[in-house]
There are 2 protein chains.
Amino acid sequence: MLIGEASKQTGLSTKTIRFYCDRDLIAPRRDPFTGYRSFTENDLAKLRFLKKARQLDFSIKDCSELLILYNQPDRASLDVKTIASKKLEELDAKANELNSLRNQLKLLVERCSGDHLPDCPILDALAGERN
Amino acid sequence: MLIGEASKQTGLSTKTIRFYCDRDLIAPRRDPFTGYRSFTENDLAKLRFLKKARQLDFSIKDCSELLILYNQPDRASLDVKTIASKKLEELDAKANELNSLRNQLKLLVERCSGDHLPDCPILDALAGERN
DNA sequence: AGTTGACCTTCCTGCTACTGGAAGGAAAAT
DNA sequence: ATTTTCCTTCCAGTAGCAGGAAGGTCAACT
């Protein structure tokens with residue numbers, strides 16, 4: 001199966017798939033004459049794995065490690081959980097910060113009249129006049 | 001005032017300040033002989049404005065527009081509110097997505113025993129066996 | 001056979017908002 | 001005079017791709 005078909009099957013762009021190949025996340029067979037990549041069902045499974053891992057915000061490096069564990073029958077689930085827990089902490093931290101930012105900005109937006117007059121609590125806050 | 005002092009006064013790195021100069025967010029006077037940048041109190045105010053706007057996750061482009069409005073006495077607060085509302089929507093969307101991801105990952109992590117055995121609900125989910 | 005169109009390849013650039021570091025001039029301190 | 005510290009510009013790297021150029025390949029149609 002060529003890369004275009006693999007793209008359709010997985011929902012990943014051909015650009016993304018080539019990028020994963022460059023980063024050695026997968027290594028599909030190559031036609032020795034044309035250089036065309038040839039994807040097996042196993043390759044597709046790995047691509048779908050990568051897609052879901054990326055959707056969960058795992059980095060490429062994380063994905064690489066997870067994929068290795070996935071292909072390693074004698075793995076310890078602890079190793080997987082360690083990676084996932086770390087990512088979970090990151091997501092927690094990001095989510096908290098984002099919620100905080102959102103609330104701050106929401107307050108400012110609500111207080112701004114949004115008319116043709118120049119007075120603006122948002123600019124005031126940015127200028128630090130009340131902080 | 002030279003860039004190092006401006007850095008101390010604002011808490012922005014000299015690298016960041018130079019970057020803002022390159023992007024024309026501020027244009028401090030230049031010593032015609034040495035090329036050294038010279039910052040006024042007005043420049044510092046703009047830098048502090050930029051710092052807070054960036055903390056609120058406004059892009060450089062947004063910051064540029066906000067700074068223009070800030071320096072424009074006859075502005076309409078509507079223009080500011082429009083930019084801020086758009087950013088607020090972005091933050092909302094990001095926060096929602098992040099919370100969703102976090103919850104998904106949290107469930108998986110909780111279900112993973114994290115021991116020496118190979119069975120792992122996290123890998124199972126990434127492999128798509130239950131989705 | 002020739003040609004069109006749809007594939008495929010590699011390589012280079014750009015995106016965001018910086019950070020780190022090299023090479024070299026300038027000013028202050030010793 | 002020399003060392004240290006500060007300043008300058010420029011180049012590379014970060015994460016994860018997307019866009020596009022230049023060129024090879026393959027099946028189909030005339």
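Residue numbers begin at 1 in each chain, while the letters A, B, ... track the order of the sequences. Values in this document were obtained by computation on a predicted structure and should not be read as measured data. Reckoned from all heavy atoms, side chains included, excluding hydrogens, waters and symmetry mates.
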Rounding to a whole Å, what distance do you find between [X]:[atom1] and [N]:[atom2]?
X: Ile17(B); N: dG20(C); atom1: CD1; atom2: P; answer: 15 Å
X: Asp22(B); N: dC11(D); atom1: CG; atom2: P; answer: 13 Å
X: Lys8(B); N: dT5(D); atom1: NZ; atom2: C1'; answer: 10 Å
X: Glu5(A); N: dC26(D); atom1: CD; atom2: C1'; answer: 16 Å
X: Ile3(A); N: dC26(D); atom1: CD1; atom2: P; answer: 16 Å
X: Asp62(B); N: dT16(C); atom1: CG; atom2: P; answer: 11 Å
X: Gln55(A); N: dC17(D); atom1: CD; atom2: C1'; answer: 15 Å
X: Lys51(A); N: dC17(D); atom1: NZ; atom2: C1'; answer: 15 Å

So, does [X] get its side chain near the phosphate of [N], meaning an N or O under 4.0 Å from OP1 or OP2?
X: Tyr36(B); N: dA27(C); answer: no
X: Thr34(B); N: dA27(C); answer: no
X: Arg30(A); N: dT10(C); answer: yes
X: Arg37(A); N: dT10(C); answer: yes

Closest-nucleotide ordering on DNA chain D, the 5'-leading residue of Gly4(B) and Ser13(A): Gly4(B)

Upstream residue (5' side of DNA chain D) when Tyr20(A) and Asp31(A) are each assigned their closest nucleotide: Tyr20(A)

For [X] versus [Y], what's the shortest heavy-atom pair and its separation?
X: Asp43(B); Y: Ser38(B); value: OD2-O, 3.8 Å
X: Leu123(B); Y: Tyr70(A); value: CD1-CA, 3.9 Å
X: Val109(B); Y: Lys81(A); value: O-CE, 3.3 Å

Base dG16(D) to side chain Lys61(A), donor-acceptor N/O within 3.5 Å cut-off: no

Quiz item: Lys15(A) side-chain donor-acceptor pair to dG20(D) base, under 3.5 Å: yes

Comparing Phe33(B) and Ser59(B) on DNA chain C - which has the more 5′ nearest nucleotide: Ser59(B)

Among Ile17(B), Leu2(B), Thr16(B), side-chain contact (heavy atoms from CB on, under 4.5 Å) partner for Ser7(B): Ile17(B)

Sugar-phosphate, base or nothing in reach of Arg54(B), heavy atoms under 4.0 Å: sugar-phosphate

Touch class at under 4.0 angstrom, heavy-atom based, for Arg23(B) against every strand present: nothing

Nearest-neighbour nucleotide for the Phe19(A) side chain, dT19(C), dC8(C), dC17(D) considered: dC17(D)

Residues Thr82(A), Asp79(A); criterion side chain to side chain donor-acceptor pair (under 3.5 Å); working and verdict: CA-CA 5 Å; Thr82(A) 298; Asp79(A) 292 339; 5.2 Å; no

